[in-house]
Amino acid sequence: MAKPLTGRCFCGAVKYQLTAKPMFVNCCHCTDCQRQTSSAFAINGVIEERHVKLVKGKPVAISMKTDSGHPHDIYRCGECQTALWSDYGRRKAIRFVRVATLDNPLPPQAHIFTRSKLPWVTLPKGVPVFKVYYNMEKLWPAASLKRRAALGV
Ligand SMILES: [Zn+2]
Ligand SMILES: [Zn+2]
């Protein structure tokens with residue numbers, strides 16, 4: 001790997017490194033992400049938990065209710081409360097890393113839930129856009145699908 005994928009919270013109490021590139025990076029415009037980030041969208045890198053290495057400190061999990069009934073745990077720095085990653089449905093093996101906390105944030109590979117996209121956000125050409133979600137088999141690279149399947153989640 002060329003550049004180490006290092007990241008941290010705002011205050012620096014929690015530092016981490018991704019030991020692989022995320023399988024896929026989604027930019028989510030759903031209303032939950034908007035409210036939880038108090039912003040226009042969340043950018044999530046989907047990655048195996050074992051590839052998220054804590055370098056310093058340890059984030060705390062805050063549990064969110066979801067429509068599906070499966071809890072959504074957001075891992076935040078206990079000091080500055082920056083959200084670092086999520087565990088949707090307590091699947092443990094898979095993390096949704098907030099890639100904007102990386103020192104070199106990765107660009108999204110798809111825009112999802114654009115049905116609730118804020119009207120003043122203009123999306124770039126060349127990145128697929130979905131009103132809700134997409135068919136993973138069709139969009140994800142084969143190598144990423146293989147990694148995802150190996151997790152069995
Ligand atoms: Zn912090
Ligand atoms: Zn969302």
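We count residues from 1, following the sequence as given. Only a predicted model underlies this, so the values are computations on that prediction, with no experimental measurement involved. All ligand and atom numbering here is 1-based and tracks the order in the structure.
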> Which residues and atoms, protein N, O or S only, are under 2.8 Å from the Zn ion (ligand 1)?
Replying inline: Cys9 SG, Cys11 SG, Cys77 SG, Cys80 SG
> Is there a side chain to side chain donor-acceptor pair (under 3.5 Å) between Thr19 and His51 once you walk through the steps?
Replying inline: CA-CA 5 Å; Thr19 56; His51 283 312; 2.7 Å; yes
>> Can you confirm if the NZ or CZ of Arg148 lies within 45° of the ring axis of Phe24 and under 6.0 Å from the centre of its six-membered ring?
In response: no
>> Looking at Phe113, is its backbone amide N or carbonyl O close enough to the side chain of Ser116 to form a donor-acceptor pair, meaning the two atoms are under 3.5 Å apart?
In response: yes
> Step by step, would you call Tyr88 with His72 a ring pair (Phe, Tyr, Trp, His ring centres under 6.0 Å)?
Replying inline: CA-CA 4 Å; Tyr88 286 96; His72 163 205; 4.0 Å; yes
>> Check whether Asn26 reaches the backbone of Cys28 with its side chain - one donor and one acceptor, N or O, closer than 3.5 Å.
In response: no
> Are the charged groups of Glu49 and Lys92 less than 4.0 angstrom apart, N to O?
Replying inline: no
> Can you tell me if an N/O/S atom from His29 lies under 2.8 Å from the Zn ion (ligand 2)?
Replying inline: no
